[in-house]
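Quick notes on the structure that follows.
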Amino acid sequence: MPELPEVETVRRGLAPVAERAEITRIELRRPDLRFPFGDEFVKKLEGRFITGMGRRAKYLLADIDNGQVLVMHLGMSGSFRIERDDDSTRSDNFALPKGIYEKHDHVVFHLKTSKGSTARIIYNDPRRFGFMTLIGRSEISEHPWFAEMGIEPTGNALDGLYLAKKFAGRSAPLKAALLNQKMIAGLGNIYVCEALWRAGLSPKRSAGTIVSKSGKPSKKCAELAIHIRDIISEAIEAGGSSLRDHRQTDGSLGYFQHSFAVYGHEGESCKKSGCSGKVHRITQSGRSTFYCTKCQK
DNA sequence: AGTGGGACCTGTCCGC
DNA sequence: TGCGGACAGGTCCCAC
């Protein structure tokens with residue numbers, strides 16, 4: 001599921017249950033995801049309280065009352081679902097009887113919520129590219145995962161000037177540059193394709209070529225920045241995108257996938273008004289890129 | 001230093 | 001129906 005809008009949707013889904021909840025028990029149903037959990041993982045969390053649910057780029061950050069942060073990444077196929085013992089609002093086909101797990105349910109957090117009820121947060125991840133680990137609150141910013149991370153694509157900091165600085169002198173194609181988490185953190189394959197389409201920029205174009213020669217932010221940089229911010233905020237608003245039946249924590253589907261202009265639309269006509277081009281699929285650094293060869297230059 | 005390719009996993013879908 | 005191959009939302013590691 002997880003580019004930034006999907007991870008933010010997960011955060012918003014987990015927060016009401018997780019915040020101020022006590023972790024009464026953790027079931028690790030296998031010893032590792034992408035990395036081993038480590039001997040201390042369960043011991044350091046059981047009996048502790050979750051004080052807040054945050055996010056940085058595609059990482060979920062659960063603040064624990066022992067000064068540590070439970071850092072979680074969903075990889076390619078990770079998802080959380082919540083089972084509330086006091087909840088009658090779940091859709092029938094999504095809820096399962098207590099204690100019955102599905103294939104690839106790897107981690108189960110048993111919680112006592114701030115309202116006194118019990119609930120379980122269950123992490124499922126078929127491909128196991130996801131991971132979780134504990135990091136001290138004060139060490140987060142120096143940790144390799146975060147130290148060189150670029151800005152979030154959601155705020156005012158992302159503008160033409162920022163992109164011009166990051167892209168200047170870069171020969172890498174725009175597609176690769178935007179996927180690089182050291183430039184902007186949180187973008188993934190889908191939203192990069194979509195943002196480049198909106199901006200009318202070819203994913204194959206060298207990133208450095210949209211910076212004006214003076215090094216000042218060109219119109220193209222400014223426009224691209226706006227389109228990235230727009231697409232990310234629209235996707236968050238829509239509850240993210242649901243591909244391959246991926247669901248939100250309450251079992252519902254995000255619906256931004258219906259707004260994709262190019263992603264997954266190979267062979268279709270370009271949706272840009274006045275453009276008679278077609279959407280093509282190419283492979284860049286081993287991943288699919290969708291774009292219109294006519295209006296993206 | 002920056003860039004490109006492969007590796008890590010499992011599931012699904014498509015063509016033969 | 002069965003099988004092989006391609007592909008899937010991410011990130012790391014290792015060559016050039």
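Please read these numbers as outputs of a predicted model, since none were measured by experiment.
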Per nearest nucleotide of DNA chain C, the residue lying toward the 5' end, A:R281 or A:N189, is A:R281

Would you state whether a donor and an acceptor, one from the side chain of A:R128 and one from the base of B:dC9, lie under 3.5 Å apart?
no

A:K112 with A:E22: basic N within carboxylate O range, under 4.0 Å
no

Charged N-O contact under 4.0 Å between A:R11 and A:E6:
no

Heavy-atom contacts, protein to nucleotides 1-6 of chain B, under 4.0 Å, summarised as B (base), S (sugar-phosphate only) or - (none) per nt, yield -SSS--

Of A:K175, A:E194, A:E3, the one forming a side-chain hydrogen bond (donor to acceptor under 3.5 Å, both in side chains) with A:N189 is A:K175

- request: Return yes when atom NZ of A:K272 has more than 12 non-hydrogen atoms of other residues, nucleotides or ligands closer than 6.0 Å, and no otherwise.
  value: yes

Take a 6.0 Å sphere around CD of A:E237 and say whether it holds more than 12 heavy atoms from other residues, nucleotides or ligands. no

Tested for salt bridge (charged side-chain N to carboxylate O under 4.0 Å, His left out) against A:D105, the lone hit among A:R29, A:R81, A:R30 is A:R81

In this structure, how many angstroms lie between the [atom2] atom of [N] and the [atom1] atom of [X], rounded?
X      : N      : atom1 : atom2 : value
A:E266 : C:dC7  : CD    : P     : 10 Å
A:M149 : C:dG10 : CE    : C1'   : 12 Å
A:D32  : B:dC8  : CG    : C1'   : 12 Å
A:K182 : C:dG10 : NZ    : P     : 17 Å
A:R127 : C:dA6  : CZ    : P     : 15 Å

Answer with base, sugar-phosphate or nothing: what part of the nucleic acid does A:K103 contact at a heavy-atom distance below 4.0 Å? sugar-phosphate

Polar side-chain atom of A:N66 near backbone of A:K44 as donor-acceptor pair, under 3.5 Å: yes

Output side-chain donor-acceptor pairs under 3.5 Å for residues 290-297 of chain A, partner residues at least two apart or in another chain, one line each.
{"residue": "A:Y291", "atom": "OH", "partner": "A:K204", "partner atom": "NZ", "Å": "3.4"}
{"residue": "A:T293", "atom": "OG1", "partner": "A:H280", "partner atom": "NE2", "Å": "3.4"}
{"residue": "A:K294", "atom": "NZ", "partner": "A:S276", "partner atom": "OG", "Å": "2.6"}
{"residue": "A:Q296", "atom": "OE1", "partner": "A:C292", "partner atom": "N", "Å": "2.8"}
{"residue": "A:Q296", "atom": "NE2", "partner": "A:L196", "partner atom": "O", "Å": "3.3"}
{"residue": "A:Q296", "atom": "NE2", "partner": "A:L201", "partner atom": "O", "Å": "2.8"}
{"residue": "A:K297", "atom": "NZ", "partner": "A:T293", "partner atom": "O", "Å": "3.0"}

With C1' as the reference atom in both, quote the distance from B:dG6 to C:dA6 in angstrom, rounded to an integer. 16 Å

Suppose you measure atom P in B:dA1 against the same atom in C:dT11; what distance do you get, rounded to whole Å?
23 Å

As its Watson-Crick or G-U partner within any shown strand, both distances under 3.5 Å, B:dC9 has none

- Is A:H104 near enough to B:dC9 that one of its side-chain N or O atoms lies under 4.0 angstrom from OP1 or OP2? no

Any side-chain N or O of A:S288 under 4.0 Å from OP1/OP2 of C:dC7? no

What is the ring orientation for A:F80 with A:Y123, classed by angle as parallel under 30°, tilted 30 to 60°, or perpendicular over 60°? tilted

Could you list all N or O pairs between the protein and nucleotides 11-14 of chain C that sit under 3.5 Å apart?
{"residue": "C:dT11", "atom": "OP1", "partner": "A:H73", "partner atom": "NE2", "Å": "2.6"}
{"residue": "C:dT11", "atom": "OP2", "partner": "A:K58", "partner atom": "NZ", "Å": "2.8"}
{"residue": "C:dC12", "atom": "OP1", "partner": "A:W145", "partner atom": "NE1", "Å": "3.4"}
{"residue": "C:dC12", "atom": "O4'", "partner": "A:R34", "partner atom": "NH2", "Å": "3.2"}

